[in-house]
Amino acid sequence: MNASERATTAEVAGKIAATVNAFKAHFPDVRVDLKPWASNRDTRDLVDPDSIDVGFHFPGRSRLCQCRSILAQIRFYSDPVTKTYRVIGLELAGFDHKGKQWQLSTINNWDIIGEVTPVPDVTHKLKLFCQQVFELFNGSTEQAM
């Protein structure tokens with residue numbers, strides 16, 4: 001779900017802002033898009049209501065990142081027994097004019113897969129960003145790499 005729609009409380013809005021700042025600390029030249037999903041029936045069917053989605057756009061195609069845009073989807077789970085709402089994973093995907101180039105999932109071994117992948121230094125920064133998001137929302141880091 002678009003980050004702009006999920007910012008319904010000061011606490012959530014603050015965590016979204018901190019997420020954006022964490023990404024920009026690694027990639028300062030990106031432009032942030034808090035509404036990466038178009039508001040139409042086709043894309044609404046694809047949107048996960050238990051996620052916060054943010055788009056990051058480079059000024060042009062980044063040869064280091066092997067994409068022009070990165071979609072970050074922070075996935076949550078609401079446990080009805082413990083009454084907790086926690087981040088369970090992040091999905092990052094790099095896109096350019098040819099479509100999706102790569103994907104990083106913290107749910108599956110933290111590997112980047114795709115047609116082309118970012119350089120190792122960028123891969124490290126992306127994984128560090130994911131760890132920072134876990135810490136921000138859950139108060140702890142998840143096992144990575």
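Since the model is a prediction, treat every value here as computed from it, not as a measurement.
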Euclidean distance, F95 CZ relative to Q66 CD, rounded to 0.5 Å: 15.0 Å
Looking only at heavy atoms, which two atoms of S69 and F58 are closest? And how far apart? N-CD1, 4.4 Å
Can you list, by chain and residue number, the hydrophobic cluster partners of I88 when the side-chain cut-off is 4.5 Å? Y77
Looking at V87, is its backbone amide N or carbonyl O close enough to the side chain of N138 to form a donor-acceptor pair, meaning the two atoms are under 3.5 Å apart? yes
Is there a path of hydrophobic side-chain contacts, each under 4.5 Å between heavy atoms, that joins V119 and I70? yes
Supply the atom-to-atom distance Q131 CD to L136 CG, rounded to the nearest 0.5 angstrom. 13.5 Å
Between D96 and C67, what is the shortest heavy-atom contact and its length? CB-CA, 4.3 Å
Does the pair Q132 and K127 meet the rule for a side-chain contact (heavy atoms from CB on, under 4.5 Å), with working shown? CA-CA 9 Å; Q132 291 169 322; K127 290 179 179 183; over 6 Å; no
Donor + acceptor pair across side chains of S105, E91 (<3.5 Å): yes
Do T106 side-chain atoms and L90 backbone N/O form a donor-acceptor pair below 3.5 Å? yes
Point-to-point distance, once rounded to the nearest 0.5 Å, from CH2 of W110 to OG1 of T123: 12.5 Å
Taking all heavy atoms of I107 and all of G89, pick out the closest pair and write down the distance. CG1-CA, 4.0 Å
Could you walk me through whether I52 and F76 pass the side-chain contact (heavy atoms from CB on, under 4.5 Å) test, one step at a time? CA-CA 8 Å; I52 293 177; F76 292 86; 3.7 Å; yes
Residue pair D33 / V54, side-chain heavy-atom distance below 4.5 Å: no
For R61, does the CZ atom have more than 12 heavy-atom neighbours from other residues, nucleotides or ligands under 6.0 Å away? yes
For a quick test of reading the model, state the closest non-hydrogen atom pair linking P118 to C65 and the distance between them. CG-O, 3.6 Å
Looking only at heavy atoms, the pair that brings L126 and F23 closest together is CD2-CE1, 4.1 Å
Whether the side chain of N109 engages the backbone of D111 through a donor-acceptor N/O pair (distance < 3.5 Å, no angle test) should be reported. no
When you check the side-chain N and O atoms of K100 and Q103, is any donor under 3.5 Å from an acceptor? yes
With no hydrogens and no angle check, is any side-chain donor or acceptor of T19 less than 3.5 Å from a backbone partner on K15? yes
Hey, any chance L64 and V30 share a hydrophobic cluster, counting ILVMFWY side chains that come within less than 4.5 Å of each other, even indirectly? yes
Look only at the side chain of R68 and the backbone of P59, and say whether a donor-acceptor pair between them is shorter than 3.5 Å. yes
Out of curiosity, L92 CG to Q73 CD, how far, rounded to the nearest 0.5 Å? 9.0 Å
Nearest 0.5 Å, what's the CD1-CG distance between I112 and L104? 5.0 Å
Does the gap between the ring centers of F27 and F129 come in under 6.0 Å? no
